[in-house]
Structure formats: C-alpha cells, structure tokens
Amino acid sequence: MEILTIGIAESKIARSPDKLATYGLGSCIGLVLYDPVIKIGGMVHIMLPAAPKDSRDINKFKFADTGVTELIRMMLREGAIKDRLVAKAAGGANMFSSLNSNILNIGQRNKEMCEKILRENNIVLAGEDTGGSSGRSIEFCCESSILQVRSVSPKSIKYI
Amino acid sequence: MFDFKDIGTNHLDFLKELENIGAGHAASALSSMLSHPITLKVPLAQLCKYSEVCEILHGPENVVAGLLVGISGDIGGFILLVMDEADARKLSGLMLGGMEEGLPEAEKNEMQISAMKEMANILIGSYVTAISSLTGFKIEVSVPELVFDMAGAVMNLVAVVYGEISDLILSMETEFVDNEESLYGHFFLVPDIESYKTLIDRMEAF
C-alpha cells in the first residue's frame, strides 16, 4: 500500500489498495471522487472558488470550478463511470475570525462552488466535514472509500 | 496587472531594510520588558512558493502559533507572525518570568496567550512604525488574533490573498536570540494587491 500525497493546488488519482492524502487544509478544500466498483479514487486540493475568466495560463487545480471539473475528466479517463462517481470533501474552515468579509468567507465560498460543480454533474456528496475554525488533514482509502479527517486544535479524528 | 515578477532584488533589499529597522525597535522593546538582552536577526527576506513556506515551517502539519494583525490606512492587508508552538510558549515564558508556574493548566495557558499577544503587539507595532517612518505612510493596526493550528492551515490565508495572480508569497524570517537559545519567528507582510502597488511605487521613489 502506498500513500500518495497531494500538495496545495494539485491533484492525483490512486487505485486500491493505495491511499490519497493532503495535509494542513485551512480554508482550502480537499475533495475526493471515487468509483466504488473499480475502487479508484481521485483527490484535488483547491484553494479558491473560481478561476479568473481572463487568464489562459492557469493551474486548474487551484480553483474549485476548474479543479473539480478537471478531476471528473481525469477519473473518466482512468476508467471510472460517471454514474457511479461519489464525492467526499473536507476543509473550508475560517482560521481567523477578525479578517474582512471577503477573505473570511473564502472557505464557505470554496465549499459552495464544489457543491455547485458536483450538482451540475449529478454527483452525490456522500460525506463532508467542512467549515468551523480548525485546520484538517485528510486521508482517503481507495479500498474502503473511507475518508479520515484529522484536526489538531482541538485534537480529533473523524471517519466519513 | 500587478505581478510578483515585478519585485526586484532592490525591492527585497528595501523590505529587508524595513525589517531590520523594525526588528531593532522590537528587540530593544522586548529587552527592556524582559530586563535582559534579546537580539533579533533578520537573515531572510524572500519570495517563495507557498509549498516551500510550509517546509520552512517544518511541514504543513506542524503545529504553529499564528498571530494575525490587520493593517489599514495608507496600506491595507495584514501581518502574520508564525512561530513553532513550542518556541512561542518559550518566549511567553521569558516574558512572564516564571510567574505562570504552578498555576492550574487553563490559567497558565491563558497567561501565555495574553503574553504572546502582547509580544505580537510589540513586534508588529515596531515593525509597522519602521515602515511608517521610512515611507511616510499612515498605518493603523488591529488587535492581534492568535490561533494554534497546522502550519498549512494557518498559511492558507496568505496564499489566498495572492492566489489568483501568483504562487509566490513574501516571507521574512526573524531570529530571536536569547542568552541560552534561539527562537525562530517568521513575519509575513501581506498587503492586499492594491497596497502592494502603493508600496512598490513608494520604493521606486527612493
């Protein structure tokens, strides 16, 4: 079994028995798509809700709209069937409460954009641990399709 | 559109100079508060990738103290001071001079937190004063907010501000040197994009 680590604004695909992980999510969101039949999973670590309209040379995985869309494409290319795709997500916290509203809402806006893209593609969000004010690290097991969510402040481990 | 590529070596030198002066002020303020000498060194002012910043902070999961102060006035944005949790607690211990020892855990924690916020006030206040006196900008600072969490999660904030235009952020590393040990703090000066332009224009005028 291998654990594939995803950095900020990156994405990777893995197959059972391998795992996917990303660490230190704040307002960012770690979103997982998986096909439970062939046990393949994909994870993206997005940072902002929407890609700027006017730029061509962007990193798609930095943004929720382009990142989730691209992850769906990658999954299908790897043999996943769209009707079987299921999503799980974690992150989107608000780390500091004293900031102005635009930055304050970024976690929430990231989450809303992820949900919008999933809805447009008829993909169910089967589980999530989002919002709040704690950082999170996540690990997805392609075999069991369980997403482990860890926080340090306060210390907790959830399985969704 | 503003681009980080426009920031040249001369700009970084200017920022380092600001930091040096600010750190000097902060060091004397801290020393007189602790009644023994604390020196501050500023080894680094650099543009680095977000992922590299997390490595400087010993990985995205390392627990850090993040002290945030909002700035407003002629330039807006915020300043974030990040330290290893252990270093932040040690520094607060120096400030408290042992008067927190023997107290119940919750009370001790509360004292350490208020000492750290006070430290942030002093350090960031001195830093802002240096920027103001060199540039002539009027800058106001907000009350500091303190969180303990994963370095990646705390630094998310900085990445988000420039995320749309860049993968780079400006990092300034400060070393606090006590008699016995070195404690490390990292300042992140994060003007909003509009204010970055203002700051750079002012630098060019020098």
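Not measured: the values here are computed from a predicted model. Below, chain A is the first sequence line, B the second, and so on; all start at residue 1.
Counted within 6.0 Å of CD on Glu120(A), heavy atoms from surrounding residues, nucleotides or ligands total more than 12; the atom is thus considered enclosed. Atom CD of Glu110(B) sits in a sparse spot, with 12 or fewer heavy atoms from other residues, nucleotides or ligands closer than 6.0 Å.
Between Gly24(A) and Met150(B), the closest heavy-atom pair is CA-SD, 3.6 Å. In terms of heavy-atom proximity, Met47(A) sits nearest to Val160(B) at O-CG2, 3.9 Å. Closest of all the heavy-atom pairs between Ser97(A) and Glu145(B) is N-OE2, 2.8 Å.
For chain B, the nearby part of Ser151(A) is the backbone; its heavy atoms alone come within less than 4.5 Å. Of the two parts of Val143(B), neither the backbone nor the side chain holds a non-hydrogen atom closer than 4.5 Å to a non-hydrogen atom of chain A. Using a 4.5 Å cut-off between heavy atoms, Leu57(B) does not touch chain A at all. Proximity to chain B is absent for every atom of Ala9(A), based on heavy atoms less than 4.5 angstrom apart. Contacts of Arg136(A) with chain B are made by backbone atoms alone, with heavy-atom separations under 4.5 Å and no side-chain atom involved. Looking at Leu48(A), only its side chain comes within 4.5 Å of chain B, counting heavy atoms on both sides.
In this structure, the separation between CG on Leu157(B) and CG on Asn94(A) is 9.5 Å, given to the nearest 0.5 Å. One finds the CG atom of Asn156(B) at 10.5 Å from the CZ atom of Phe96(A) (value rounded to the nearest 0.5 Å).
Ranked by heavy-atom pairs under 4.5 Å with chain A, the first of Gly152(B), Ala159(B), Ala153(B) is Ala153(B).
Counting heavy atoms from C-beta outward, Asp149(B) and Met95(A) have side chains that approach closer than 4.5 Å.
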